Trainee: 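Mind looking over this structure? Questions follow.
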Amino acid sequence: MKVTLKDGSIIEAEKGTTALDIAGKLSQGLKKSALAAKIDGKIVSLSETIEKDCALEILVFDDDEGKYALRHTASHVLAQAVKRLFPEAKLAIGPAIENGFYYDFDVETPFTAEDLKALEKEMAKIIQENLPVTRTELAREDAKKLMAEKGEDYKVQLIDELPEGETISFYTQGEFTDLCAGPHVSSTGRVKNIKLLRSAGAYWKGNEKNKMLQRIYGTAFFKKDALLAYLENLREAEKRDHNKLGRELKYFTTVPEVGQGLPLIMPKGAKVMQIMQRFVEDEEERRGYQYTKTPLMAKSDLYKISGHWDHYKDGMFVLGDEEKDDEVLALRPMTCPFQFMIYKASHHSYRELPMKLAETSTLFRNEASGEMHGLIRVRQFTLSDAHIIATPEQVEDEFKDVLDLINYMMKATGLESDVTYRFSKWDPKKTEKYIDNPEAWEFSEALMKKILDDIELDYVEADGEAAFYGPKLDVQFKNVFGKEDTLFTIQMDFALAEHFDMYYVDANGDKQRPYIIHRASLGCYERTLAVLIEKYAGAMPLWLAPEQVRFLPITDRALETCKKWEEIFKKVGVRATVDSRSEKIGYKIREGRTERLPYMLIVGDKEVEDGNFAVWKRGKGDLGPQDAEGVLKSILQEIEDLVIF
RNA sequence: GCCAACGUGGCUCAGGGGUAGAGCAGCUGAUUCGUAAUCAGCAGGUCGUGGGUUCAAUUCCCACCGUUGGCUCCA
């Protein structure tokens, strides 16, 4: 029997040898670090026997599949520990996920921090016991019977939902058996380094109508050092949390009297937002966008036309009572219907298209209380919003132009390497969530896919993430906790032009329906600010820094010179201040460092005399004395280089 | 909205059934200093809010509000 290895070499093996045996033949080291195998492209456990010629790859922890196998087994070890300590717990599901694993349990009382510690100890024991993990297959009825006997109602339900003809497999380690497709590592001893991170509630099958189960999150690594490094990383990342750092650095605050999800943006935060807004508005006007200013609220009539009343009412702040009042108003959750009314206020020729209407738009969404998070999920936010009304022929180019604009914004803010793209599609099963027009969905999703493939964008597809009126391309960013949020979005809309009866007159004098692209360019400013704080750990890029330069006089004798230069810097547009307090220079520098100032220019008797600044630069430290005018010029140059490229 | 943890001066935190403490920040004064904290003094809290238990509650119990991590939802 011939087995082809990853490097193309072929070795002879007897029928019935296992993947692990072959790993051992190759090297003892590989045998030790092997976690799973890939046979003819299929991921399997190492205990899998090989019966015919095949291609074999031994997977280790550095391979994603190896990682998943190890962490998947770790989740079984957790479940086994839970069963030992809490025999009444019912098992739900327990997959490996990015950076770790979780397992959902149905228990009477939620797990406490002490429970997690005890479970971790028990898991260490199970790992110590080094129980072999073995696979068995059962017929559907036998599988159901086995799980029903054990009282595992959720597993019975899972078996019922498996498609006809599917192999039903179980994995057993010691006294513990779990329904599972695998693959797993060969024994519990391979799991080695585990850490339980937290417990949290989670709905069975992710549906809020179902029972809430208790989920335990954990992680596992092959090497202890890697686990420790990962935990250290988590702690480091949390220090960058915008919700902590943004408050510490006085970018924003919240007070109970104002309310949840309603942050108060402080001068530093407002300055960064203002800089971004000016940048966005200038750039968009250059690209042919026209700015509008529309009301923050409207009668319910408007939202009824757009469909928001039917699809989005729960998310809106409604002023008044539909039963009692003649007129019911609502704060706007979106800008589109308002700008559509502007479009409709006059007749349009195809010659005027594409028409690009932009607005720096404040929106209101009544998020549920548990959903608010710092500046990332709020109830009022300001979006650099726009709607492009175009002929069908123009849609493709316009879509590409929007992507180009977004790219430019991401380069300017330095976020381009931190984002991923998500092609958000509808879900035909969720009819209540989406406009019912299957052909239009199929058509617009196909069009969008063509554009994305055309420009060779690297994206993932996500079902059920579309807007109610059409598919989207979302630009996603992960926060310090690894949670993903949308930063920018481009949405294809085939429905609202119809709802609003928008049209243009074509070359033949006939009325035609335009296409509409909804898009946000620098996302919403609150969220973008949060993302920037996290990415830069509060050290804003020079062009966005609320305070770019601070002059530090060493003695009061240098104060006049500092004030004179402050005026000059301000005149040419550099945001500069003077720290005029009678404190020691070390104290002022320490404070400037904690505030992440990009530049501190220190002026003492020597500098006054020589016309120099002693330059302190963020990330570089003391650069020594430099010619004052030269410093100003180089700072101006540096700012320009960051924005124009 | 659901599951859980948490809530003590502006911030970080200690304490704990007999009405509260530290450091930083603030204020006042002194110091004029060369690259991460000068010294001294002063002031600041009805311990998130409201109920209950108790002779007595900031501490124990309940509700609400808020914060945090998940779930659901979403820019």
Side-chain angles (χ1 to χ4, degrees), chain A residues 102 104 107 109-113 116 197-217 238 241 243-244 247-248 250 253-261 312 314-315 333-335 361 363 365-378 381-385 424 433 464-465 467 472 474-477 481-489 491 518-520 522-528 552-559 581-594 600 602-607 614-616 621-625:
Chain A
Y102 69 79
D104 286 347
V107 282
T109 43
F111 298 106
T112 62
L116 291 195
L197 297 170
R198 59 175 166 268
S199 63
Y203 299 106
W204 167 237
K205 301 192 149 216
N207 185 332
E208 61 182 326
K209 291 192 183 79
N210 289 342
K211 183 164 185 188
M212 178 154 276
L213 309 174
Q214 293 303 318
R215 175 172 297 178
I216 297 179
Y217 284 95
E238 277 167 33
D241 179 5
N243 210 357
K244 210 167 142 37
R247 290 169 199 269
E248 270 168 34
K250 297 202 183 329
T253 188
T254 49
V255 295
E257 291 82 352
V258 174
Q260 257 196 308
Y312 206 82
D314 288 345
M334 275 110 181
T335 329
S361 180
L363 305 176
R365 297 186 187 176
N366 194 4
E367 304 288 352
S369 64
E371 284 157 11
M372 262 76 78
H373 172 71
L375 292 177
I376 286 191
R377 278 296 284 283
V378 290
F381 57 94
T382 301
L383 199 70
S384 53
D385 209 353
S424 298
K433 210 177 146 187
E465 294 287 347
K472 313 188 278 180
D474 294 317
V475 183
Q476 302 289 104
F477 184 89
F481 299 106
K483 186 166 173 148
E484 201 176 273
D485 277 294
T486 302
L487 207 49
F488 310 82
T489 178
Q491 312 177 347
H518 303 236
R519 48 109 278 196
L522 205 58
C524 91
Y525 291 108
E526 290 80 357
R527 186 173 282 186
T528 307
L552 308 185
I554 290 177
T555 68
D556 292 347
R557 292 189 297 280
L559 191 55
R581 297 171 304 170
S582 357
E583 293 289 350
K584 290 169 90 169
I585 196 66
Y587 181 85
K588 293 182 184 179
I589 288 173
R590 182 187 149 82
E591 213 152 86
R593 288 181 71 138
T594 49
M600 287 184 270
I602 295 148
V603 184
D605 291 339
K606 271 189 280 176
E607 285 74 20
V615 178
W616 189 97
D622 185 4
L623 299 182

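All values derive from a computational prediction rather than experimental measurement. A note on names: the letters A, B, ... follow the listed sequences, proteins ahead of strands, and every chain is numbered from 1.
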Trainee: Check every strand shown and say whether A:Arg365 touches a base, only sugar-phosphate, or nothing at a heavy-atom separation below 4.0 Å.
Mentor: base
Trainee: Please round to the nearest 0.5 Å and tell me the distance separating atom CG of A:Leu363 and atom CG of A:Leu383.
Mentor: 5.5 Å
Trainee: Any idea which of B:rA75, B:rC33, B:rC74 is nearest the A:Asp485 side chain?
Mentor: B:rC74
Trainee: For the side chain of A:Arg593, starting at C-beta, report the closest nucleotide among B:rC33, B:rA75, B:rA36.
Mentor: B:rA36
Trainee: Mind checking A:Glu607 for me? I need base, sugar-phosphate or nothing, with any heavy atom below 4.0 Å counting as a touch.
Mentor: base
Trainee: Is the shortest heavy-atom distance from the side chain of A:Lys588 to the side chain of A:Ile602 under 4.5 Å?
Mentor: no
Trainee: Between A:Glu583 (CD) and B:rA30 (P), how many Å, whole number?
Mentor: 14 Å
Trainee: Only one of A:Arg377, A:Gln260, A:His373 forms a side chain to side chain donor-acceptor pair (under 3.5 Å) with A:Glu367, so which one is it?
Mentor: A:Arg377
Trainee: For atom P, what is the distance between B:rG10 and B:rC47, given to the nearest Å?
Mentor: 13 Å
Trainee: Mind checking the CD-CD spacing from A:Glu583 to A:Glu591? Nearest 0.5 Å is all I need.
Mentor: 8.0 Å
Trainee: If stacking means aromatic ring centre less than 5.5 angstrom from the base's six-membered ring centre, planes under 30°, is A:Phe488 stacked on B:rA75?
Mentor: no
Trainee: More 5' along RNA chain B: A:Arg215 or A:Gly523, using each one's nearest nucleotide?
Mentor: A:Arg215
Trainee: Would you classify A:Asn207 as touching base, sugar-phosphate or nothing, given that sugar-phosphate means primed atoms plus P, OP1 and OP2, and contacts are heavy atoms under 4.0 Å?
Mentor: nothing
Trainee: Base, backbone or nothing for each nucleotide of nucleotides 43-50 of chain B, written B, S, -, heavy atoms under 4.0 angstrom, 5' to 3'?
Mentor: --------
Trainee: If I pick the C1' atom on B:rU8 and the same atom on B:rC3, what distance separates them, to the nearest angstrom?
Mentor: 27 Å
Trainee: Between A:Leu383 and A:Glu591, just flag the one whose closest nucleotide in RNA chain B comes earlier from the 5' side.
Mentor: A:Glu591
Trainee: Using a heavy-atom cut-off of 4.0 Å across all strands, would you classify A:Glu465 as base, sugar-phosphate, or nothing?
Mentor: nothing
Trainee: From C-beta outward on A:Ile585, which listed nucleotide comes closest to its side chain: B:rC71, B:rU35, B:rU38?
Mentor: B:rU35
